[in-house]
2 protein chains.
Amino acid sequence: MGRWEPDTRRRLAQAALELFIEQGYEATTVNQIAERAGGLTKTTFFRHFPDKREVLFAAGEQAHGRIVADAIAAAPDGATPLQAVAAALDALAAVFTEERREFSARLRAVILGNSELLERAALKRAALAEAMADALRKRDVPDLAASLSADLGTRAFYTAYDQWADTDNHEALVDLTRRTLDELRATLTTLG
Amino acid sequence: MGRWEPDTRRRLAQAALELFIEQGYEATTVNQIAERAGGLTKTTFFRHFPDKREVLFAAGEQAHGRIVADAIAAAPDGATPLQAVAAALDALAAVFTEERREFSARLRAVILGNSELLERAALKRAALAEAMADALRKRDVPDLAASLSADLGTRAFYTAYDQWADTDNHEALVDLTRRTLDELRATLTTLG
DNA sequence: GTCTATACAATGATAGAC
DNA sequence: GTCTATCATTGTATAGAC
């Protein structure tokens with residue numbers, strides 16, 4: 001892995017987001033992205049990203065699955081499933097600092113405007129839930145309880161994320177996710 | 001809508017599934033599908049299906065979102081959110097009769113073997129949950145409770161569906177979904 | 001008015017050179 | 001690691017056939 005690979009990757013991701021905002025996702029070709037990233041070609045683009053969509057999701061994003069899995073594994077032995085999930089959401093939300101909010105908002109707007117991107121987003125979301133459920137099962141949480149806790153945590157995270165990225169309040173994502181998770185937990189008893 | 005349209009559509013869907021099983025999804029071209037469906041060309045294929053993936057999901061499938069939305073709207077006034085969801089799952093599961101089990105199993109195997117198809121499946125699943133949540137909100141169920149009930153119902157349905165399509169027991173899907181939903185409800189109190 | 005053929009653009013794979 | 005070049009396939013647009 002050469003010294004400049006990360007920079008090329010970053011330039012490609014930035015050029016892509018710019019062009020998607022200016023022209024729309026579909027109207028932008030991979031060649032245009034590569035060109036704007038510094039006279040590159042689509043060959044180079046596809047060396048860094050497996051497909052055109054992934055440039056948006058891999059952008060600032062580490063392996064979110066790893067983050068939640070590690071946090072759940074590191075939760076104290078006596079922690080309940082939802083306490084382990086809460087630790088996972090704390091770790092994940094910590095990635096999205098205030099300085100990334102503007103970027104996240106723009107990214108989200110692009111994704112919401114294109115059905116192909118919504119599809120990829122749905123898969124990422126399912127993968128996040130699956131990572132949480134797997135980590136919980138490794139703590140000997142029964143199958144259904146693990147899946148359900150993971151669904152709850154995923155719902156809490158994205159509900160909070162949408163508010164965080166969409167509004168002008170500056171509340172930290174960590175606080176939003178915690179409050180949302182608490183609200184969801186309270187809601188559990190009202191479902192009948 | 002011409003008299004023969006449904007038959008062309010059905011032949012295309014059947015040819016597609018056959019070829020995907022024989023050769024794999026990626027190794028099969030749209031032209032091959034059209035050819036096997038009776039000397040057609042890809043133009044005709046794309047008249048019936050918006051893209052190559054959709055031929056698998058639109059196949060036997062009506063609008064599942066409509067089914068669950070109607071069932072939830074038709075639930076009695078006093079029904080709790082989870083009772084309304086239970087009615088939705090009954091209606092949806094009724095579509096999958098025993099004679100469709102073999103077909104569903106083959107379909108599922110093809111989908112599990114390809115990441116593009118998994119992506120589409122994730123979107124369909126999210127759309128189903130969203131349809132349930134929307135229908136619940138129209139019954140004045142609060143936002144978070146509606147989303148959560150829908151997540152629970154979706155989890156119940158797919159957990160049951162996977163068992164139904166994957167095993168040799170002949171239990172009806174309706175019974176499997178009901179039992180799974182009950183188990184999930186019982187699990188709620190164990191999450192901490 | 002439904003269906004089909006031809007032409008075309010863009011994604012993504014592959015092979016070879018620097 | 002990047003570039004050129006070529007290729008197959010998906011998916012669209014347009015115009016025509018039954």
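Side chains included, hydrogens not; waters and symmetry mates left out as well; all remaining heavy atoms used. Predicted model only: the values in this text are computed from it and were never measured. Each chain gets a letter, A, B and so on, in the order its sequence line appears, and its residues count up from 1.
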May I ask you to say whether B/R137 pairs ionically with B/D134, meaning some side-chain N is under 4.0 Å from a carboxylate O? yes

To the nearest Å, how far apart are B/R53 CZ and D/dG11 C1'? 12 Å

Between C/dT11, D/dT2, C/dT4, which nucleotide has the shortest distance from any of its atoms to the side chain of A/K42? C/dT11

Please give, in whole Å, the distance from D/dT10 P to B/E26 CD? 10 Å

Separation of D/dG11 atom P from B/H48 atom NE2, nearest Å, is 16 Å

Taking only side-chain N and O atoms of B/T29, does any of them lie within less than 4.0 angstrom of OP1 or OP2 on D/dT9? no

A/I33 CD1 - C/dA10 P separation (whole Å): 12 Å

B/T41 side chain N/O closer than 4.0 Å to the phosphate oxygens (OP1, OP2) of C/dA5? yes

Give one of base, sugar-phosphate or nothing for A/G39, where a contact means two heavy atoms less than 4.0 Å apart. sugar-phosphate

If I take atom CG from residue A/L123 and atom CZ from residue B/R120, how far apart are they, to the nearest 0.5 angstrom? 12.0 Å

Grab the CG-P distance between B/N31 and C/dT6 for me, whole Å please. 12 Å

Report the distance from atom CG of B/L12 to atom C1' of C/dT2, rounded to the nearest whole Å. 14 Å

Could you label the plane-to-plane angle of the A/F157 and A/Y161 rings as parallel, tilted or perpendicular, counting under 30° as parallel and over 60° as perpendicular? parallel

Do the two ring centres, one from A/H64 and one from A/F96, sit under 6.0 Å apart? yes

Take the protein atom CZ of A/F49 and the nucleotide atom C1' of C/dT11, then report the distance between them rounded to whole Å. 16 Å

Report the nucleotide, chosen from D/dG11, D/dT2, C/dT4, that has the shortest atom-to-atom distance to any side-chain atom of B/K52. D/dG11

Can you tell me the distance, in whole Å, between the CZ atom of A/F45 and the C1' atom of D/dC3? 17 Å

Could you work out which one of C/dT11, C/dC3, D/dT12 sits closest to the side chain of B/R47? C/dC3

Heavy atoms only: give me the nearest B/A37-B/L12 pair and the separation to one decimal. CB-CD2, 3.7 Å

Over all strands shown, is A/T43 touching base, sugar-phosphate only, or nothing at heavy-atom distances under 4.0 angstrom? base

